Visitor: 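Encoded as structure tokens, here's the structure I'll be asking about.
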There are 2 protein chains.
Amino acid sequence: MARVTSFDVARRAGVSQPTVSRALRDLRGTSAATRARVRAAARELGYVPLQSGRVLSTRLSRRVGIVTGELSNPFYPGLLEPMIAALHQRGYLPVLIPDDDLDALNPEPLMDGSLDGVILTTAHRGSAVPGELARRGVPCVLVNRETGERNADVSVAANDEGARQAARFLVRLGHTRIGFIGGLAETTTSSLREAAFAGELRRLGRDLPSRLVAGGPYSLGHGRAGFARLMSGRPAPTAIFCANDILALGAMEEACHRRVAVPGEVSIIGFDDMPLSALTSVGLTTISVDLAEMGRAAVHLLLTRIARPGLPARREVHATWLTPRGTHAPPRPGS
Amino acid sequence: MARVTSFDVARRAGVSQPTVSRALRDLRGTSAATRARVRAAARELGYVPLQSGRVLSTRLSRRVGIVTGELSNPFYPGLLEPMIAALHQRGYLPVLIPDDDLDALNPEPLMDGSLDGVILTTAHRGSAVPGELARRGVPCVLVNRETGERNADVSVAANDEGARQAARFLVRLGHTRIGFIGGLAETTTSSLREAAFAGELRRLGRDLPSRLVAGGPYSLGHGRAGFARLMSGRPAPTAIFCANDILALGAMEEACHRRVAVPGEVSIIGFDDMPLSALTSVGLTTISVDLAEMGRAAVHLLLTRIARPGLPARREVHATWLTPRGTHAPPRPGS
DNA sequence: GTGAAAGCGCTAACAT
DNA sequence: ATGTTAGCGCTTTCAC
């Protein structure tokens, strides 16, 4: 069961081996007749070119690495699906490199020549990987989170404006005791959202005291814990803005667990509008971003960078808007 | 910015190129001293071995293909996450090959030597791919769905027993007009579940008339459509068993849309217990399978097959159980 | 323990 | 339009 090589096809078609290579790729400089004979021979033998041979010689793999958080966080499937579809459509296959934000990411697979480029979804302040990839000439795009440096291609949400929209919305509803549950402090999705949220509250004559701020890694569990902490202070907040939908979902879980009515006793607002949040049974009021667009933009940035490595770095910032669903209300009178 | 090769490292360390290869892989037959010198030189130069060179020579890529449905169907993240984690832990990276059940899957990337093995999550009756991979000696495992043939490694749920558990549960609750929303007819997850469900109902003195059976591809939309069709018949069913949780979620969406109370007017039961279904805001009563275990088992089957290709085919069937949550109730009196 | 030489299967450059 | 030759970077065999 030895592998069928282009030599086998060549022998069968009565041509030389490079002719097989040319014919199957439809390069000009092969007659229609030979092309047909080669194709026939290849089909008969079930010939499939070996990818490693091709990559070794061309340095092109048509694979793109996607460094991603755990898929059990439904944000990632929501972001990845459009990227995968866009890549697939352009003839690229995604290689998933798991990164849990805790263990250091092993960058070797990103630089071993097996990928034409890399999309990072889990960057944060101080990430060494983007710089290292740049130094080695591996095309790289940051999506959703960035490092703070301004020298990479990024596709991100308007984190500051989104957070301000949340602040204005809650204040307009009449809330005064407003809390915040953040994510990992090193991520731009958490720090930018928190800073802009606090700033806008201040501008509107409210404040965000530290006893009403919780945070931790982005997970259901930390959403629960944050909610528990915030709600056990006295007086408790009447509204909570969460740095993303996962945290908001965790907060809702904990609210349900503690029999705190949402939005009766406390309003909860998320950020991202991942697909799950729109289910009627979830119905999370949130700051929306077009995640599909953000993902596709990242793919597009990467593919153009692969094609023209010299281009200056580009930033795509995606607009946000408030999507009111079922988890907000004015504060209960007298609370 | 030419690439650093093992020759560069060799020159710097004052040894021959193969010695570099041996030293970095800690092969016996290299002195500790040389090993140290080589390692130092490699680090200084930032040497990373080129994967295509290595693969060409060893035919081992440490990549595994996962043919998967769209990640926007939350079942797939639930199944993939444990597989990805298990693979990563064993030093393998997953390459995702999207398959939407409609367009024919292009099998070339599965057979171009770039993958040590393949896990198929979207097989169905008549799938040509597993046979083709077998013929070419590419290790392959089916997970969740199978083809019907008995000659491949598979990791699946106890579809028949699970469906019987659902039937017994609904009958015990007192339901008599019971409906079924199936998935793609060609999939074992739909056909086996439907057959066992109908059989068990019959055994218990109920029947499953075709006007109470709907079906289509596995999607939220088809769950909604199925629910709409079933509930517009007169008299309407008081309980519906869905071939999986996505369909059940779709049914719940449509129920909400039509202001049909769940479980007040109609009970809804799913199958799979994907992580999402356990959220309190969803609270779907369902037939559970340990998806994480099913995924890990698939990885384990694949890795042992890669190690010992000669082994006879194995089947791992994962137990199911009923997980009562919030979407079931006895039929309303007089309905 | 280490070096020299060969070979994995492909594409690219150069002849003709 | 096609054949010949070389080379991509690694691992492996065989000498010594």
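Just so you know, these numbers use all the heavy atoms, side chains as well, and skip hydrogens, waters and symmetry mates. Owing to the predicted nature of the structure, the values given are computational and were not obtained by experimental measurement. Residue numbers start from 1 in every chain, and the chains themselves are labelled A, B, ... in the order their sequence lines are given, proteins ahead of strands.
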Visitor: Under 4.0 Å: is that the gap between some side-chain N or O of A:Thr19 and OP1 or OP2 of D:dG3?
Guide: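 Indeed, a polar side-chain atom of A:Thr19 lies that close.
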Visitor: Considering only heavy atoms from C-beta outward, does the side chain of A:Leu184 approach that of A:Asp101 to under 4.5 Å?
Guide: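 They are in side-chain contact.
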Visitor: Check B:Glu146 with B:Arg125, please: is the shortest side-chain N to carboxylate O separation under 4.0 Å?
Guide: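 Here B:Arg125 does not pair with B:Glu146 in a salt bridge, since their nearest N and O are not under 4.0 Å apart.
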Visitor: Would you mind writing out the side-chain donor-acceptor pairs for residues 297-308 of chain A within the sub-3.5 Å range, not counting sequence neighbours?
Guide:
residue: A:Thr304; atom: OG1; partner: A:His300; partner atom: O; Å: 3.3
residue: A:Thr304; atom: OG1; partner: A:Leu301; partner atom: O; Å: 3.0
residue: A:Thr304; atom: OG1; partner: A:Arg314; partner atom: NH2; Å: 2.6
residue: A:Arg305; atom: NE; partner: A:Asp153; partner atom: OD2; Å: 2.4
residue: A:Arg305; atom: NH1; partner: A:Pro309; partner atom: O; Å: 3.0
residue: A:Arg305; atom: NH1; partner: A:Leu311; partner atom: O; Å: 3.1
residue: A:Arg305; atom: NH2; partner: A:Asp153; partner atom: OD1; Å: 3.3
residue: A:Arg305; atom: NH2; partner: A:Asp153; partner atom: OD2; Å: 3.3
residue: A:Arg305; atom: NH2; partner: A:Leu311; partner atom: O; Å: 3.0
residue: A:Arg305; atom: NH2; partner: A:Pro312; partner atom: O; Å: 3.2

Visitor: Which whole-number value in Å describes the distance from A:Arg3 CZ to C:dC10 P?
Guide: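 Nearest whole value for this atom pair: 7 Å.
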Visitor: Kindly say whether A:Ser52 contributes a backbone atom to a donor-acceptor pair with the side chain of B:Ser52 at under 3.5 angstrom?
Guide: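 Side chain of B:Ser52 to backbone of A:Ser52, a donor-acceptor pair under 3.5 Å: no, none is there.
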Visitor: Send over the distance from A:Leu24 CG to D:dT2 P, rounded to a whole Å.
Guide: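 After rounding, the reported distance stands at 13 Å.
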Visitor: Mind checking if A:Val55 touches a base, just sugar-phosphate, or nothing, with heavy atoms under 4.0 Å?
Guide: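 Result for A:Val55 = nothing.
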Visitor: Nearest whole Å is fine: how far is C:dC10 P from A:Arg62 CZ?
Guide: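 Spelled out: CZ on A:Arg62 to P on C:dC10 is 18 Å.
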Visitor: When you check the phosphate oxygens OP1 and OP2 of D:dC8, does a side-chain N or O of B:Thr5 lie under 4.0 Å from one of them?
Guide: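 So the side-chain polar atoms of B:Thr5 never come under 4.0 Å of the phosphate oxygens OP1 or OP2 of D:dC8.
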Visitor: Please list each protein N or O that sits under 3.5 Å from an N or O in nucleotides 11-14 of chain C, with the distance.
Guide:
residue: C:dT11; atom: OP2; partner: A:Ser21; partner atom: OG; Å: 2.3
residue: C:dT11; atom: O4'; partner: A:Ser57; partner atom: OG; Å: 2.4
residue: C:dT11; atom: O4; partner: A:Gln17; partner atom: OE1; Å: 3.4
residue: C:dA12; atom: OP2; partner: A:Arg25; partner atom: NH1; Å: 3.2
residue: C:dA13; atom: N6; partner: A:Arg22; partner atom: NH1; Å: 3.3

Visitor: A:Asp112 has an atom CG; how far is it from atom P of D:dC10, in whole Å?
Guide: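 Taking CG of A:Asp112 and P of D:dC10, I get 11 Å after rounding.
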Visitor: Can you tell me the distance, in whole Å, between the CZ atom of B:Arg11 and the P atom of C:dG3?
Guide: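 Those two atoms, CZ and P, are 14 Å apart.
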Visitor: In whole Å, what is the span from the CG atom of B:Leu60 to the P atom of D:dT11?
Guide: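 To the nearest whole Å, that distance equals 12 Å.
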Visitor: Grab the CD-C1' distance between A:Gln51 and C:dC8 for me, whole Å please.
Guide: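 Interatomic distance, CD of A:Gln51 to C1' of C:dC8: 15 Å.
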Visitor: Heavy atoms under 4.0 Å, any strand shown: does A:Thr34 hit a base, just sugar-phosphate, or nothing?
Guide: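 Here A:Thr34 touches the backbone only, sparing every base.
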Visitor: A:Thr68 versus A:Asp99: any side-chain heavy-atom pair under 4.5 Å?
Guide: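 They are not in side-chain contact.
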Visitor: Nearest nucleotide by nearest heavy atom, which residue falls closer to the 5' end of DNA chain C, B:Arg35 or B:Arg59?
Guide: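 Per heavy-atom nearest nucleotide, the more 5' residue is B:Arg35.
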Visitor: Using whole Å, what does the distance between atom P of nucleotide D:dC10 and atom CG of B:Leu56 come to?
Guide: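 After rounding, the reported distance stands at 12 Å.
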Visitor: Would you sort out whether B:Leu105 and B:Ile97 count as a side-chain contact (heavy atoms from CB on, under 4.5 Å), showing the intermediate values?
Guide: CA-CA 9 Å; B:Leu105 172 66; B:Ile97 295 100; 3.6 Å; yes
Visitor: Counting heavy atoms not belonging to B:Glu44, are there more than 12 under 6.0 Å from its CD?
Guide: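 For B:Glu44, atom CD is crowded (more than 12 foreign heavy atoms under 6.0 Å).
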